[in-house]
Amino acid sequence: MSQKTLIGASALAGAVAMAISGATFLASTDSATAATEKCYGVAMAGKNDCAAGPGTTCAGTSKVDFQGNAWKSVEAGTCTTMSLEGGRMGSLEPLDRDLPA
Amino acid sequence: MPPSEPARRSAQSEFSAALINPDLPPPVGVSGPRGKGARKRFAVYRNTVTVTRIDALADIFPAVQRLVGADFFRGMARIYLAQEPPVSAVLFEYGQGLAAFLERFEPVSELPYLPDVSRLERAWLDAFHAADADPLAPAALGAVPAEDLGDLTFTPHPAARMVRSRTAAVSIFSASREQRPLETIRPLEPEDGLITRPAHEVQVRLLPPGAADFFKALMTGATLAEAATLALGRQPGFDLPAAISAMLEAGIFSACSLSPAKTEHPQ
């Protein structure tokens, strides 16, 4: 690696200093950590409960799976409507903090 | 006398095979009252297992389900789970192979972004369940003497994941999970996604050009100088301060240290 020309120490130091000076998130991160408590295993279902409803119909044992006609329903998805218009989305902004679905 | 180990194992594989395949008879030893057959009873059990696994996949991959529709998703999930039943009793670990399945599943070949959307969803849940760790504090990085910065290496945070895509999988994932319209997304625009969990909430970011090269290099053990040089070489517009700032804010790393080889020769 040493034979390669690496970025200079001063450029790195400047970048790190700039990154940290822009770090307004410091305090908020700390306070957010202090204010929350963790609750294990409630947000995402492990699905240990019995699927009693459909379990009585034997829908899952059908030998005739969704066939031909069902594959056509791909087009029901919204994906094919995506066009070439519209700009790219923001860069370093958090895109989402979505909740467990 | 309890059954021998090989006998038990063969009984278990017979049982799990019958669980997946409705054409197989109930496993030996499964019977109704007074020794009657248990075909229907076992079918109910098989159905419960199947539906539960499909429900788990739908919960793990909500964006994929929204993109193809619920009916299609459930039909596809049934085919997938017959090919690749869970290997863990913990269902939230299921679906690691779904992306590879989607890549070769002909009916979705027109949706080239679907495998990477499923990778993002799987990474999201892996990050959610990853071990807790404090992200690297900005002050810790700030305390490193300027002349040592270049030789720093970083320890990846247990929740940090990256998905690099030839498609707009990150935008599609986010819009789909947030139920936003997809019309404005250009699906074949390459995107890099970063998944982290600095505290208790999973975060997904769309990375600017060059950042994925930079982070990937650091995650695989390159020094700060090596990673920055690599990213700048591949992407002249790469914004190093912004990337370092994002790396601290997102919590990609939990610690930094001077690489051993470099500390022996500080100059």
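Only a predicted model underlies this, so the values are computations on that prediction, with no experimental measurement involved. We use all heavy atoms of the structure for the numbers below, so side chains are in, but hydrogens, waters and symmetry mates are not. The sequence lines fix the lettering, A, B, ..., with proteins before strands; numbering per chain opens at 1.
- L232(B) touches chain A through its side chain: at least one heavy atom from C-beta onward sits under 4.5 Å away, while N, CA, C and O do not.
- The nearest pair of heavy atoms linking I244(B) to A19(A) is CG2-CB, 3.5 Å.
- With sequence neighbours excluded, the residues forming a side chain to side chain contact (heavy atoms under 4.5 Å, CB included) with S176(B) are A63(B), R66(B), L67(B), listed by chain and number.
- The two residues I7(A) and A228(B) have their closest heavy-atom pair at CG2-CB, 4.0 Å.
- Chosen from N21(B), L141(B), V144(B), the residue pairing most often with chain A at heavy-atom distances under 4.5 Å is L141(B).
- Your options are A225(B), A146(B), G142(B), and the one with the most heavy-atom pairs under 4.5 Å with chain A is A225(B).
- Here L12(A) contributes atom CG and L224(B) contributes atom CG; the two are 5.0 Å apart, rounded to the nearest 0.5 Å.
- Closest approach of L149(B) and A13(A) over heavy atoms only: CD1-CA, 3.5 Å.
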